[in-house]
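Read through the structure below, which is laid out as C-alpha cells, and then see the notes.
To find a chain, count down the sequence lines: A is the first, B the second, and so on, and within it residues start at 1.
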Amino acid sequence: MSTPSFRLYNTLTGQPDVVEPAEPRHLRFYACGPTVYSYAHIGNFRSFITADLIARTAQAIGWDTTFVSNITDVGHLTEDDVADATGEDKMAKALRKEGQRFANVWDLARYFSDALIDDWHALNLVEPDVRPRATEHMQQQILAVQALQEKGFAYETKKGVYFSVEKFPEYGKLSGNTAEEALVEGAAAQSRDTVQDPEKRHPRDFALWKKDEKHLMQWHSPWGWGFPGWHIECSVMAMEYIGEQIDLHAGGEDLIFPHHECEIAQAESITGKPFAKLWVHTRFLQVEGEKMSKSKDNFLTVRDLIAPEAVGGRGIPPLALRMTLLSGQYRKPFNFTFDKLRDSARHIQRIETVDQLVQQALAEDAPGDDFVGERLGELYDRALGAMLDDLNTPEALAATIEGVKMLQGIGSNLSGAAATSASEWLDKINQLLGIIRPQTEDADASKDETDPLAEKVEGLLEKRAQARKNKDFERADAIRDELDEMGIEVMDSPEGTTWRRKVSV
RNA sequence: GGUGGCGUGGCCGAGUGGCUAGGCAGAGGCCUGCAAAGCCUCGUACGGCGGUUCGAAUCCGCCCGCCACCUCCA
C-alpha cells in the first residue's frame, strides 16, 4: 500500500507542499485564534475550521496530531497606534460598549472566550490539545523579549521595546512585503505610518513591549509596567507547547502580514532555526457578495445564526452552518449566502434521515449480502483523497452526498450486513468532515424528545389520521395546513406518517 | 503603487491536455386521496484574443474583470 501524501498550499513557498512532519506521522501545528472581545463571526470560524480539517485529515491517515490554538485575551492597542480611528484598545472599547455587563476587561475576555468555546463545540470542531491564553504566558513573553534584546534584535525607547526589522534580512519572506518597499513607498504608505514613537528607528519595526501604566491590562516587566506586543504571544506559545520548530502554522489570510511575518522574525531570531515549515492561510469570506462588516447589516456571528429563534437567533442547525462553510475550499474566495445555508440545511436533514434509517436497519439485522460496502469504500477513498489534496472540501462533500443518496435510495431494504457497512461509512465520514452527527448533546436540541411541540404535533397527527381513515380529506388537509404553519412538515408513507421540522433558513 | 488569489452551465462548485463530477433551482414522469418526502429522466458550460498540439476548460502569452492583503481584523 502506498503512503498517502497530504498536500497543502504553503504561503511561504507559493505552492502546494507535501506535509512532512518532523517526526513522521505526528503533525504538530498551531492555529491562530481570535481576540476575544466579542462573539466570533462566521469568518473567524471559516479559518478555525481549516485547522479542524487539517487535524481531522491527518488523523484519518493514521497520524497523531498535536493541535495548539490560542486565545488572545489582551487588547494590545493604545492611543499610540493609529490603526483604529479612535486609537482605543479593542478590549477597552468592548468593555465601554458592553457597559455594566462586565466588571472589568478580564471578565469580558473570560465571557467571550467561553462563548467561543461553546460555538467551537456546536460547530463540531475538534478540541485543540492545548488552548493557551496570552495572559497566562506573560513570563514567557517577557523572557522572549529579553532574549531578543540580548541578541541585539530589539531596542528600547521611552515608549517601549521594538523589534529591529533591519536585523532580520529575511523579513518579508512570507508576505512579499519587504522592508525596503515600505521605505521607498509613495504617499500611501507614509500616510499610514504617521505613528507614534519618534524613537522608532524604522517604520516597519514593531512593538515587542509597550510601556503603558494606564492600560487596563498591565504587567510588570524589566521595562516597567506595560503589556506585550501582539505578535510575540503566538511565537512564544507555539514554542512553549510544540517546540522551536513546528510543522505547520495556520490562520486567516489577513495574518500573513504583519502578524505571521513578525512571528517568523521573532522566533527565528531567538532560535536561529526556521520556525514553521508550512504556512496555511484561509481566505476571507464575503456575505451575499459583499465584504462582511459591522457597518452593514451583514455581520454574522455564529451565535446569531445558531441560537434558537426563541432567543433572537435564526435557529440554523449548527451542522448546516458547518457544512456551508465546507462547501467552498478554504483557499478560494467564499461567498456566504443564505441560499447555500438553506441547501446545506436540507443536506444535513437528509443525512440525519439516512443515519436513522441505517441505525434502524442495523437493529433489525435483516439477512442478505453487503451490497453497499464496496461502493461506499470507494466514496470514502474519494472523500479522503480530496481532503489530502489541499482540503478539497467541495469534492469530499460531493462524495458524501453521493453515498447518502445511494443509501436513501435503498431505503429500508438494507440488509444487516449492508447496514453495518453503511454505519461504518457514516462514522468514518463523520470523523473526516464532522457533518453527520453533532458532537455535543445541546447542539442537537431540536431532536429532543421532551420538545413541548412534539406532544401537540402527535395529537394533531392522530386526529388527521382519523380524518383520513374516514375519507374526510378536507379536515385532514386543514390539519396539515395548521401543522405547516407551525413549521412542521408531514410525510405520509405506506409505513405510516412521520413529521419533522421544516428547514427554515 | 506593491504582493497574492480567482474568473466553469440560471446559481453553487469539482475537474489541470482526449473518457466532458456533484449539488441547488427548473421541466417531465412514478408514487400519493391530494400534497410533502423519495425515486427515475432531462442540462454540453468553461472571461476575451492569440499561440502550442492530431486534440485545451486544462499548457504558454497578452488583455479584461473580480477579490484580498500591504493598517486593528479569521
Of the options [options], whose atoms approach the side-chain atoms of [X] most closely?
X        : options             : answer
A:Asp254 : B:C67, B:A74, B:A37 : B:A74
A:Asp492 : B:U71, B:A21, B:A35 : B:A35
A:Arg204 : B:C24, B:A74, B:U71 : B:U71
A:His41  : B:C24, B:A74, B:C70 : B:A74
A:Phe473 : B:A35, B:A74, B:G33 : B:G33
A:Arg346 : B:C24, B:A14, B:A74 : B:C24
A:Lys340 : B:C12, B:A74, B:A14 : B:C12
A:Lys332 : B:A21, B:C6, B:G33  : B:C6
A:Asp389 : B:G15, B:A21, B:A68 : B:G15
A:Asn44  : B:A74, B:G22, B:U71 : B:A74

For the pair [X] and [Y], find out whether any cationic side-chain nitrogen is under 4.0 Å from an anionic carboxylate oxygen.
X        : Y        : result
A:Lys332 : A:Asp390 : no
A:Lys277 : A:Asp17  : no
A:Arg500 : A:Glu489 : yes
A:Arg375 : A:Glu402 : yes
A:Lys340 : A:Asp343 : no

- Read 5' to 3' with Watson-Crick or G-U pairs under 3.5 Å, [ ] for crossing pairs and | for partners on another strand, RNA chain B gives (((((((..(((.....[...))).(((((.......)))))....(((((..]....))))))))))))....
- Item | Ring centroids of A:Phe284 and B:A74 base under 5.5 Å with planes under 30° | yes
[X] near the nucleic acid: base, sugar-phosphate alone, or nothing, with a heavy-atom cut-off under 4.0 Å?
X        : answer
A:Thr498 : nothing
A:Lys291 : sugar-phosphate
A:Arg283 : base
A:Glu253 : sugar-phosphate
A:Lys469 : nothing
A:Asp343 : sugar-phosphate
A:Asp484 : nothing
A:Gly43  : base
A:Tyr9   : sugar-phosphate
A:Arg464 : base

Atom [atom1] of [X] to atom [atom2] of [N]: distance rounded to whole Å?
X        : N     : atom1 : atom2 : result
A:Leu285 : B:G5  : CG    : C1'   : 15 Å
A:Glu233 : B:C72 : CD    : P     : 14 Å
A:Met406 : B:G23 : CE    : P     : 14 Å
A:His260 : B:C69 : NE2   : C1'   : 13 Å
A:Ile256 : B:U71 : CD1   : P     : 13 Å

- Using only heavy-atom distances, decide whether a donor-acceptor pair under 3.5 angstrom links the side-chain of A:Arg331 to the base of B:G5. no
- Do the side chain of A:Arg480 and the base of B:A35 come within less than 3.5 angstrom through a donor-acceptor pair of N or O atoms? yes
- Message: Heavy-atom nearest nucleotide on RNA chain B for A:Glu402 versus A:Ala476: which residue maps closer to 5'?
- Response: A:Glu402
- Of A:Gly14 and A:Glu474, whose closest RNA chain B nucleotide lies nearer the 5' terminus? A:Gly14
Could you tell me whether the phosphate oxygens of [N], OP1 or OP2, come under 4.0 Å of any side-chain nitrogen or oxygen in [X]?
X        : N     : answer
A:Asn335 : B:C11 : no
A:Gln329 : B:A14 : no
A:Arg468 : B:A35 : no

- Message: So, taking the atom named OH in A:Tyr330 and the one named CG in A:Asn392, what distance separates them when rounded to the nearest 0.5 Å?
- Response: 10.5 Å
- Query: Could you state the interatomic distance from CD1 (A:Ile42) to CZ (A:Phe334), rounded to the nearest 0.5 Å?
  - Reply: 8.0 Å
- Query: Under a 4.5 Å cut-off applied to non-hydrogen side-chain atoms, are A:Leu341 and A:Arg314 in contact?
  - Reply: no
- Query: Between A:Asp119 and A:Arg303, is any pair of side-chain heavy atoms under 4.5 Å apart?
  - Reply: yes
- Message: A:His41 and ring pair (Phe, Tyr, Trp, His ring centres under 6.0 Å): which single residue from A:Phe284, A:Phe112, A:Phe299 fits?
- Response: A:Phe299
